Amino acid sequence: MLTANSAVAVELKGVVKRYHELVAVNKLNLSINVGEIFGLLGPNGSGKSTTLKMMLGLVKPDEGSITVLGKDVQKDAVAVKQQVGYVPESPRLYEFLTGIEYLDFIGDIYGISTEEKKNRITEYLRALQLEGREGDMISSYSEGMKQKIALISAFLHRPRLLILDEPLNALDPRSARIVKEVLHKLKTQGVTTIMSTHVLEIAQAICDRIGIMYQGKLLALGNMNELRQMAKLPDSGLEDIFLNLTGSADLKAVVEELLK
Amino acid sequence: MNWRNILALMHVERKSGRLLRGVKLTRYRESGFFAYWPYWVGLAFGVGAGLLAGLIYSKTILTEADVMLLFREGTVSIFLTLPTLVLVYNLVFTMLQQIQRSGIKASSQVPYWLPVTWEEYTLASILANLLGFPLASIIFIVSTIMTFSAFSSQLLFASITSFAVLGAAFMASALTEILRILQVRFIGAVYKTSGRAAVWVRFFGSLFFFLAFYIIYLYVTSGGAITFIQTIKSTQTTAWFIPFVWLGMMLYSFTSGLLIQGSVFLVLSILFLAGLFFLAALLNKQFGLYEPPAIKISRGAYVPRTGFLGKLGFTATEAALIRKDLRAFTRRRELMSVFIIPIVLILVQVMQSTGSTMATPSAQVFVYLAASTFLLPSTVTAISLGNFMIGEEGQAIWRIYASPISAKTLVKSKYFFIIFFSVIVLAITGALAFIVYNPSLRATIVAYIEALFLICALGAISLSNGIKGADFTEIPRPRMIRLSWSLINLGICLMASVAILAPFFPFALSAMLPETVPNLTLEAFLNPLLALAISAIIAVILTGIFYQIAIRNARDLLTKTEI
């Protein structure tokens, strides 16, 4: 049994991940609370995706420990995965299946009852405007449609933890809004969401706390007010804070150099 | 024509093979020598073969003048047929490569977003088709004939033959490119008109395509190498008006002293090659970005089914995996070859026995037939499926890793799929063999049971190795299993087959050599039922051991492999 009442959903202690000489994640300590929407930000190659994959056991840390919903993800992988919904950065789906067949497959994998599965799939397809295309092979879908299918497959089994790597990639504005609303609604039901994104407005709008990663390390962690204090930018938005903390503030000079 | 663009595009194609499972490509370095190993091997073997033939030839000159003459005539015959031979074989290989690539929707239409012309793109594509085995075989052939010609003083003839061989390879690849473009366009049109039946139209269409292709190939090659060469030699002189034999005709004319005729065929060949290339470029320009229309499989309200697998005792997860694999093998064109193998094996059998009276086979013939029709198609199916079942997941393997699927569940569903399909193949090919060759009832039952033993054991062995050696690379073609593990698996399967069938070897010997090992004497100390029981024990032990190894390998795959 997973510890249902624990206040901490995910805990990383001294996590290190190396790819040969490259240190992708460097001594990361992080604690994410139950029912929290947590945003993981950082420039490309800062270690966000690797961190998210380690939380689900898709990448093994070289050092440190990761506890997800009270369980060691390496020791109890199947039990943890049963409670987690995951969307990777670029989800490769089974392109030879139709949208409905894919979701049916996911429903069966997570052991959702037949009636429940039917209701949930129908609701999500309607909400994300995939009705009418669900019988087509996924190979004929646009990137946005594939992303919708990947998101539905993450929500379908009502997980207690959502790990979403760039979840709003390629989505149309209406669907992006629906997904944001769904995440808010799930939060009220105690579902924890950890997401990475490059769209800072989204992170600022929906995340309770934000972690900024840079070169494998956690540079800053906190809510918007705490981040403003850390960056010493009291009235600024997340973009300025992010650029300030990651040392990319002097963009003017870079642009001028490029256009010389 | 910008040759740097062409070379760059070809390099991309060559390097696409780097995406190997589990290899983290940070600070990737490539050894110039090892990157081209198939070509070095081709060259080494070619020079070796040429040296060997040259030494035999030199020795013959000194001793037997008549033999030397025959040798020289034989060489000329082979040289004359080489262009057409290379054309046929390269057509086969490049077509097979295209079939394997057909399931991948790679957006490589670079002329749309890079300053590359359609002509450059098409030429690079034609040349890249030849990379790998086709080019290695060409290097082997060219180096063999060039080395040999140094001994036989035929350097000029060998040089012209080498150019003709290169031209023939280009011809084959250009033809493949043309057929590929037309096929994509044609298939798209068929899907559009066939609506919801498109998936089955594609399945049976692909089966038909494979079969037609193999029948032609088997028809040409069934007579053996010498007959094949003789057929080509006689065919190309009578079918001189077919452009594909013009290179061969050019060589024939030059060796016969018909210089003007040879020159005409040379010019015609060059014009035909250019024509093929420009046709391919034109078709690419016309249809290059053509996307087949979406295949609609279902419509109306969604009705989930519990299905027949649930009634068999499979959990929802296991049944879902089996159903997903069933759809993969009936919808992914590159996986359909698994269904073709047993049909081709039967075809080979039928084509080889055409013309002989097989209604009442002799005991010797029956042993051969039993092996090839009862045992071979179903066991080859089990081996192929076992090898591919995990690797076929491709880049979508993350779905398996991220889902709550245990190693036992994964192996159970995959193993069931292997056994299920192999048994269907066995039922069909066995029934066919029974009807056509009319063996005794006892022999039929024994053959069926032994085939079942082989399916169970070889399926487990191949699955365990298929998991261990799984390769999820999809571009330029789905690999599914690493070559090294495929070879290891073949070796283990061979040994296991020998072990399982060993109790029946005395009976097989008795059937093959009735005078030496009479059946009555044999049955006095070895009962067929006892042989069956021993065989069953060996099969059960092997199946059990390798099933457990498969679970262990799956556990490693699910916990150690990173995406």
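Since we're looking at a predicted model, the values are computed, not measured. Numbered from 1 within each chain, the chains take letters A, B, ... in sequence-line order. Both backbone and side-chain heavy atoms feed into the values below; hydrogens, waters and symmetry mates do not.
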Do [X] and [Y] touch side chain to side chain, with heavy atoms closer than 4.5 Å?
X: A:Asp108; Y: B:Thr317; value: no
X: B:Lys324; Y: A:Tyr94; value: yes
X: A:Phe96; Y: B:Leu335; value: no
X: B:Arg332; Y: A:Glu95; value: no
X: B:Ser403; Y: A:Gln82; value: no

- For the atom pair OH (B:Tyr401) and OH (A:Tyr86), what is the distance rounded to the nearest 0.5 Å?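 That separation rounds to 12.5 Å.
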- Task: To the nearest 0.5 angstrom, please state how far the NZ atom of A:Lys75 sits from the OG1 atom of B:Thr559.
- Result: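 One finds 13.5 Å between NZ of A:Lys75 and OG1 of B:Thr559.
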- Query: Highest number of heavy-atom pairs under 4.5 Å with chain B: which of A:Leu125, A:Ile109, A:Ile163?
  - Reply: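 The answer is A:Ile109.
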- Give the member of A:Ala77, A:Gly85, A:Pro91, A:Pro88 that has the highest number of heavy-atom pairs under 4.5 Å with chain B.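 Of the candidates given, the most pairs with chain B belong to A:Pro88.
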- Query: Where on A:Leu56 is there a heavy atom nearer than 4.5 Å to chain B: the side chain, the backbone, both, or neither?
  - Reply: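 It is the side chain, since no backbone atom gets that close.
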- Item | A:Ile112, part contacting chain B, at a heavy-atom distance under 4.5 Å |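 The answer is neither part of A:Ile112.
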- Item | Main-chain N/O of B:Gln395 paired to A:Arg92 side chain as donor or acceptor, under 3.5 Å |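 No; zero donor-acceptor contacts below 3.5 Å.
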- Message: Does A:Lys13 have more than 12 heavy atoms from other residues, nucleotides or ligands lying within 6.0 Å of its NZ?
- Response: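 Atom NZ in A:Lys13 is not packed in, count stays at 12 or less.
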- Considering all heavy atoms of both residues, which atom of B:Arg327 and which atom of A:Leu97 are nearest to each other, and what is their separation?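 Smallest heavy-atom distance, with atoms named: CD-CD2, 3.5 Å.
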- Grab the two heavy atoms, one from A:Val78 and one from B:Pro404, that are nearest each other, plus how far apart they are.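 Smallest heavy-atom distance, with atoms named: O-CB, 3.5 Å.
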- Query: Which one, B:Leu321, B:Thr315, B:Thr330, leads in non-hydrogen pairs under 4.5 Å with chain A?
  - Reply: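 Heavy-atom pair counts peak at B:Leu321.
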- side-chain contact (heavy atoms from CB on, under 4.5 Å) between A:Ile106 and B:Arg399, worked out: CA-CA 9 Å; A:Ile106 296 298; B:Arg399 187 65 266 175; 3.5 Å; yes
